[in-house]
Amino acid sequence: MNKKRVAIQGIRASFHEEAALKFFGDDIETIECNSFKQTCDALRGKKADYVVMAIENSIAGSLLPNYALLRDYRFSIIGEVYLRIQLHLLALPGVKFEQIKNVESHPIAIRQCIDFFDEYPHLNVKESTDTAACAKRIREEQLTDTVAIANQLAAKLYDLEILERRIESNKKNYTRFLILTDHKETDIPEANKASLSFQTTNEVGSLAHVLNIFAEHEVNLSKIQSMPVLGRRNEYNFYVDVEWQDVAKYQAAISKVLRHTVNFTLMGEYLKNERV
């Protein structure tokens, strides 16, 4: 049986691959891409079967450009993954902390470790495009004066030692990833969460009315994100995640919401992934 081809932004051992492995298991073929748009193009061009895409981080917030990609490519969301972001200091085996002069990682990872670097102001911190790519460079170039901030998967894949564990400032930091596909057969019978997008009129209380419909039917609103409608002043797309326990009440709520919205899109129904 052919392996599932999963497109990720970044390279192997990045957090995106870690999320892919958590969702699909180990038997996948990772398709490395330089940008989130390239992951979508890989899926559209049949070079991948799925895309794993970060959509929000508990510290950095929503990744707004990725909401634009969801709108433009219209892939189906079939799942989600919450991944705890644990950051370690990685070096070649045998390298001591006293030898370190440079630290490299993605700028977001660096910002998430600011308290650690305040303790070692002599370290030269450099930004790069990808956490795992920094780890890979240390191995390939045999750098003995440089460490990377990356995950445990990168340490294992590139045969690096962990000099310092869990250097992130916030130990409850997590990222939510969406699983996208262009398959037509995306029905998930046990689904208890959905991602929707829609617009409302500019009348007073129109959005509140839609949200009240969900509340009246005991459908929990777990996320709402607005994005301007391109070329239309004061008009917005609302991206909403809802969760339910009674599917009949959810379906009844959707039927009513359809009457009070325009450009309504059901982006996907899937199983809720509990945070870790």
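For clarity, every value in this text was computed on a predicted model and none was experimentally measured.
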Discussion item. Regarding Thr39 and Gln9, do their side chains bring together a donor and an acceptor under 3.5 Å, going by distance alone?
Written reply: no
Worksheet item: Is Ile114 reachable from Val103 through a run of hydrophobic residues whose side-chain heavy atoms are each under 4.5 Å from the next?
Response: no
Worksheet item: Can you find a heavy atom in the side chain of Val52 that is under 4.5 Å from one in the side chain of Val81?
Response: no
Worksheet item: Are a donor atom and an acceptor atom from the side chains of Asn237 and Gln199 found within less than 3.5 Å of each other?
Response: yes
Worksheet entry | Short side-chain to backbone donor-acceptor contact, Lys136 and Ala154, under 3.5 Å | no
Discussion item. Using every non-hydrogen atom in the two residues, find where Asn57 and Ala60 come nearest and quote the distance to one decimal.
Written reply: OD1-N, 2.9 Å
Worksheet item: Are more than 12 heavy atoms from other residues, nucleotides or ligands located less than 6.0 Å from atom NZ of Lys171?
Response: yes
Discussion item. According to ring pair (Phe, Tyr, Trp, His ring centres under 6.0 Å), who are the partners of Tyr50, at least two apart in sequence or on a separate chain?
Written reply: Phe24, His183
Discussion item. Going by the rule side chain to side chain contact (heavy atoms under 4.5 Å, CB included), which residues pair with Ala133 if we only count those two or more places apart in sequence or in a different chain?
Written reply: Ile11, Asp130
Worksheet item: Quick one: does Asn102's side chain get under 4.5 Å of Val147's, heavy atoms only?
Response: no
Worksheet item: At what distance, to the nearest 0.5 angstrom, does CG of Asn212 lie from NZ of Lys256?
Response: 11.5 Å
Item to complete: Would you please name every residue forming a side chain to side chain contact (heavy atoms under 4.5 Å, CB included) with Pro228, sequence neighbours left out?
Response: Tyr236
Worksheet item: What is the distance from atom CD of Glu168 to atom CZ of Arg111, rounded to the nearest 0.5 Å?
Response: 15.5 Å
Item to complete: Would you sort out whether Gln225 and Phe238 count as a side-chain contact (heavy atoms from CB on, under 4.5 Å), showing the intermediate values?
Response: CA-CA 6 Å; Gln225 180 70 54; Phe238 294 100; over 6 Å; no
Practice prompt. Begin with the C-alpha distance, continue with both residues' side-chain angles, and end with the deciding distance and a verdict on side-chain contact (heavy atoms from CB on, under 4.5 Å) for Cys113 and Ile149.
Written response: CA-CA 9 Å; Cys113 302; Ile149 303 171; 4.0 Å; yes
Discussion item. Applying salt bridge (Lys or Arg N to Asp or Glu O under 4.0 Å), can you list everything that pairs with Arg74, at least two apart in sequence or on another chain?
Written reply: none
Discussion item. Ignoring hydrogens, what is the shortest heavy-atom contact between Ala48 and Ile31? Give both atom names and the distance.
Written reply: CB-CG1, 4.3 Å
Discussion item. Can you confirm whether His88 sits close enough to Gln152 that some side-chain heavy atom of one is under 4.5 Å from a side-chain heavy atom of the other?
Written reply: yes
Worksheet entry | Over all atoms of both residues, closest heavy-atom pair of Leu157 and Ala13 | CD2-CB, 3.7 Å
Worksheet entry | Partners meeting side chain to side chain contact (heavy atoms under 4.5 Å, CB included) with Asn34 (sequence neighbours left out) | Gln38
Practice prompt. Rounded to the nearest 0.5 Å, what's the gap from OH on Tyr82 to CD on Glu80? Could you check?
Written response: 5.0 Å
Worksheet entry | For Arg5, all residues meeting side chain to side chain donor-acceptor pair (under 3.5 Å), sequence neighbours excluded | Asp49
Worksheet entry | Close side-chain approach of Gln142 to Leu92, heavy-atom, < 4.5 Å | yes
Worksheet item: If two hydrophobic side chains count as joined below 4.5 Å and joins carry through other members, does Phe97 share a cluster with Ile110?
Response: yes
Practice prompt. Would you please say whether a donor-acceptor pair under 3.5 Å links the side chains of Ser62 and Tyr239?
Written response: no
Fill in: Residues in salt bridge (Lys or Arg N to Asp or Glu O under 4.0 Å) contact with Arg137, at least two apart in sequence or another chain
Glu104, Glu141
Worksheet entry | Tyr158-Val95 co-clustered via ILVMFWY side chain contacts under 4.5 Å | yes
Discussion item. Do the side chains of Glu56 and Lys223 get close enough for a salt bridge, i.e. N-O under 4.0 angstrom?
Written reply: yes
Worksheet item: Going hydrophobic residue to hydrophobic residue with side-chain gaps under 4.5 angstrom, can you get from Phe23 over to Leu70?
Response: yes
Response to the item:
Hits for salt bridge (Lys or Arg N to Asp or Glu O under 4.0 Å) against Lys46, two or more places apart or cross-chain, chain-then-number order -> Asp182
Worksheet item: What are the two closest heavy atoms between His217 and Ala252, and how far apart are they?
Response: CD2-CB, 3.7 Å
Worksheet item: Just one of Ile179, Thr181, Leu180 clears the side chain to side chain contact (heavy atoms under 4.5 Å, CB included) bar with Val51, so which one?
Response: Leu180
Discussion item. Quick one, Phe75 and Cys40 - any side-chain contact, counting heavy atoms below 4.5 Å?
Written reply: yes
Worksheet item: Gln112 and Asn170: side-chain donor and acceptor closer than 3.5 Å?
Response: no
Worksheet item: How would you list, by chain and number, every residue that makes a salt bridge (Lys or Arg N to Asp or Glu O under 4.0 Å) with Glu18, sequence neighbours excluded?
Response: none
Discussion item. How close do Leu69 and Phe36 get, counting heavy atoms only, and between which atoms?
Written reply: CD1-CB, 3.6 Å
Item to complete: Identify, with sequence neighbours excluded, every residue that meets side chain to side chain donor-acceptor pair (under 3.5 Å) alongside Lys249.
Response: Glu218
Practice prompt. Please determine which of Ile254, Val219, Leu211 meets the side chain to side chain contact (heavy atoms under 4.5 Å, CB included) test together with Val242.
Written response: Val219
Discussion item. So, taking the atom named CG in Asn273 and the one named NZ in Lys22, what distance separates them when rounded to the nearest 0.5 Å?
Written reply: 5.0 Å
Fill in: Leu178 CG to Ile77 CD1 distance, which is reported to the nearest 0.5 Å
5.0 Å
Worksheet item: So Leu163 and Leu90, side-chain contact (heavy atoms from CB on, under 4.5 Å) or not? Walk me through it.
Response: CA-CA 6 Å; Leu163 284 185; Leu90 310 185; over 6 Å; no
Worksheet item: Is there a side-chain contact between Val257 and Phe214, using heavy atoms and a 4.5 Å cut-off?
Response: yes
Worksheet entry | Partner set under side chain to side chain contact (heavy atoms under 4.5 Å, CB included) for Leu266, not counting sequence neighbours | Ala194, Leu196, Tyr250, Phe264, Glu269
Discussion item. Within this structure, what is the CZ-CG distance for the pair Phe116 and Leu87, rounded to the nearest 0.5 Å?
Written reply: 11.5 Å
Worksheet item: If we only count heavy atoms from C-beta on, is the Ile188 to Ile78 side-chain gap below 4.5 Å?
Response: yes
Worksheet item: Any idea which heavy atoms bring Ser14 and Leu153 closest together, and the distance?
Response: O-CD2, 4.4 Å
Worksheet entry | Same apolar cluster (I L V M F W Y, side chains within < 4.5 Å links), Leu89/Ile100 | yes
Fill in: salt bridge (charged side-chain N to carboxylate O under 4.0 Å, His left out) partners of residues 235-247, not counting sequence neighbours, each pair once
Arg176-Asp241, Lys193-Glu243, Arg232-Glu235, Glu243-Lys272
Worksheet item: Can you check side-chain contact (heavy atoms from CB on, under 4.5 Å) on Arg139 and Asp159, steps first, answer last?
Response: CA-CA 8 Å; Arg139 165 53 60 187; Asp159 192 24; 3.5 Å; yes
Worksheet item: Tell me, do Asp26 and Leu21 make a side-chain contact under 4.5 Å, heavy atoms counted?
Response: yes
Worksheet item: Is the Phe15 to His106 ring centre distance short of 6.0 Å?
Response: no
